[in-house]
Amino acid sequence: MENIKKFERIVHIFFLLQSRSVLPLEELMNKFQVTKRTIYRDLNMLERVGIPVVHRPGGYSIVDGFRLPPARFTEDEVLSVMIAEKIMRNQEIESVRKNFEQVLTKIKSSFHGYQKNEILHLQDKLIIKGKFDVKDYVPNIIDNLLKGSVEKKLIEILYRNAEGDKPNLRTVEPIGVFNETGNWYLLAYCHFRCDYRNFRLDRIQKLAVLEKYSDKKHPSVKELNEFFYSRYLTEITINVDKRYAHFLSFERDNFGYVKETESGETIIMHFNCKSNPTSFVRWFLRFIDVGEIIEPIHLKEELFAILEAGTERMNKKHISISQSESL
């Protein structure tokens, strides 16, 4: 049994080496939970059977041009592999996620050297947060945006804002694409605003990749996304009756759910809410009979104000109906 596990590990290392331009030794040790000496022995075994493993700065690789079997992939297919990999990292079923990861490793092992580098450059241009539903909107303009961000090309978009105003033309420098709460966004430097902006992809009416290039150096999409996240963040704490807390689980991720702790008969939940806090308050109104907002105080006050206004409105409507019936 031990020999079989060793063989499977060596074969897996071979596919990993073929799928990457450089593979760090520490990554192999962590992935297989073995010592440095064991990895050295596995690499030596690959060399003995004729696999040209070489040491490079940053790790190990296979001499470019050596692959079994050779395969041809188009630029769009390489891009699709990268997007699929990002999506499947959020797959909840561990066995499905691991099996898909192994399939992708074998596919990437057949890539040419320049395609491996292309994948490497695209990796930090796409972020997918939380759960991803295959029914979510995946526009066909993602490939142009990602390629534009790698090649540092300017892109012209006809964009309609959230208020539904007349679309206006924007020239932007694309930095990356991310998916959050069911929507796709372009993160870019906007020439019109002279600042970084998020653009929802389903509001882009037209898109054209210009033959103009940017020489600006931008932060990564991950850094900018975290900046926007912290800039508009509202930390919210609530408590909910333990018997009803599970009802919140269906939508709480949309409001930046972080964690929960149990306290007697209640569950205390913590949120880092990126959306408008009022949207959180109006969502929480559904659970007002089984929970309360603890912090911040101004949201608790806003909740009371909405309840008072609603009660007053319902009372006026009730009086109006009563008067009509008495006539």
Side-chain angles (χ1 to χ4, degrees), residues 1-89 91 94-95 97-128 143 146-152 176 217-223:
M1 180 63 98
E2 182 60 35
N3 287 335
I4 293 175
K5 292 171 76 173
K6 178 182 178 181
F7 174 75
E8 289 177 347
R9 185 178 67 245
I10 292 173
V11 171
H12 199 165
I13 289 174
F14 167 69
F15 282 121
L16 284 170
L17 285 167
Q18 280 213 121
S19 68
R20 301 271 288 277
S21 52
V22 178
L23 189 62
L25 180 65
E26 292 74 15
E27 185 175 330
L28 289 172
M29 292 166 57
N30 292 333
K31 183 173 186 62
F32 298 106
Q33 293 297 297
V34 294
T35 64
K36 184 184 296 186
R37 188 174 179 180
T38 298
I39 297 297
Y40 283 146
R41 282 201 300 262
D42 292 344
L43 293 172
N44 182 255
M45 179 63 72
L46 287 172
E47 289 179 313
R48 285 166 59 187
V49 297
I51 308 300
V53 179
V54 293
H55 182 265
R56 302 182 189 276
Y60 290 85
S61 66
I62 293 178
V63 172
D64 194 28
F66 182 92
R67 55 184 61 84
L68 294 173
R72 294 180 181 274
F73 291 90
T74 66
E75 189 177 7
D76 288 339
E77 288 171 342
V78 171
L79 183 64
S80 295
V81 167
M82 189 271 292
I83 294 174
E85 183 177 24
K86 291 274 189 176
I87 291 172
M88 288 303 294
R89 282 179 184 172
Q91 168 60 245
E94 187 177 1
S95 60
R97 187 175 64 249
K98 285 185 175 180
N99 288 333
F100 192 83
E101 179 185 320
Q102 291 181 11
V103 169
L104 281 182
T105 297
K106 293 175 182 178
I107 292 173
K108 289 193 290 184
S109 71
S110 295
F111 285 174
H112 292 281
Y114 73 91
Q115 290 175 323
K116 296 174 189 175
N117 288 329
E118 186 178 357
I119 282 275
L120 191 63
H121 292 143
L122 284 168
Q123 282 294 335
D124 65 347
K125 303 296 182 184
L126 179 67
I127 296 178
I128 297 177
D143 54 351
L146 290 174
K147 291 172 189 174
S149 64
V150 171
E151 297 171 2
K152 304 196 76 173
K217 186 176 180 180
H218 300 294
S220 70
V221 63
K222 184 175 184 294
E223 292 170 330

Exercise. Which residues pass the side-chain contact (heavy atoms from CB on, under 4.5 Å) test with E26, sequence neighbours left out?
Worked result: P24
Exercise. Would you say the side chain of E47 lies within less than 4.5 Å of the side chain of N44, judging by non-hydrogen atoms?
Worked result: yes
Problem set entry | L46/I62 under side chain to side chain contact (heavy atoms under 4.5 Å, CB included): CA gap, chis, key distance, verdict | CA-CA 10 Å; L46 287 172; I62 293 178; over 6 Å; no
Problem set entry | Which residues share a salt bridge (Lys or Arg N to Asp or Glu O under 4.0 Å) with K31, sequence neighbours left out | E101
For this session: Please report the shortest heavy-atom distance between V53 and Y60, naming the atom on each side.
Result: CG1-CD2, 4.0 Å
For this session: Carefully, step by step, assess R41 and T38 under the rule side chain to side chain contact (heavy atoms under 4.5 Å, CB included).
Result: CA-CA 5 Å; R41 282 201 300 262; T38 298; 3.6 Å; yes
Seminar exercise, completed: With sequence neighbours left out, the residues meeting side-chain contact (heavy atoms from CB on, under 4.5 Å) with V22 are R56
For this session: Could you check E27 against L16 for side chain to side chain contact (heavy atoms under 4.5 Å, CB included), going step by step and ending with a plain yes or no?
Result: CA-CA 11 Å; E27 185 175 330; L16 284 170; 5.7 Å; no
For this session: Using a 4.5 Å cut-off on heavy atoms from C-beta on, say whether the side chain of M45 contacts that of D42.
Result: no
Seminar exercise, completed: Between S61 and S21 the two heavy atoms that sit nearest each other are CB-O, 3.0 Å
For this session: List the steps and the verdict of side chain to side chain contact (heavy atoms under 4.5 Å, CB included) for T35 and Y40.
Result: CA-CA 9 Å; T35 64; Y40 283 146; over 6 Å; no
Exercise. With no hydrogens and no angle check, is any side-chain donor or acceptor of Q33 less than 3.5 Å from a backbone partner on N30?
Worked result: yes
For this session: May I ask you to test the F32-I13 pair for a side-chain heavy-atom distance under 4.5 Å?
Result: yes
Exercise. Shortest non-hydrogen contact from S149 to G176?
Worked result: CB-N, 4.3 Å
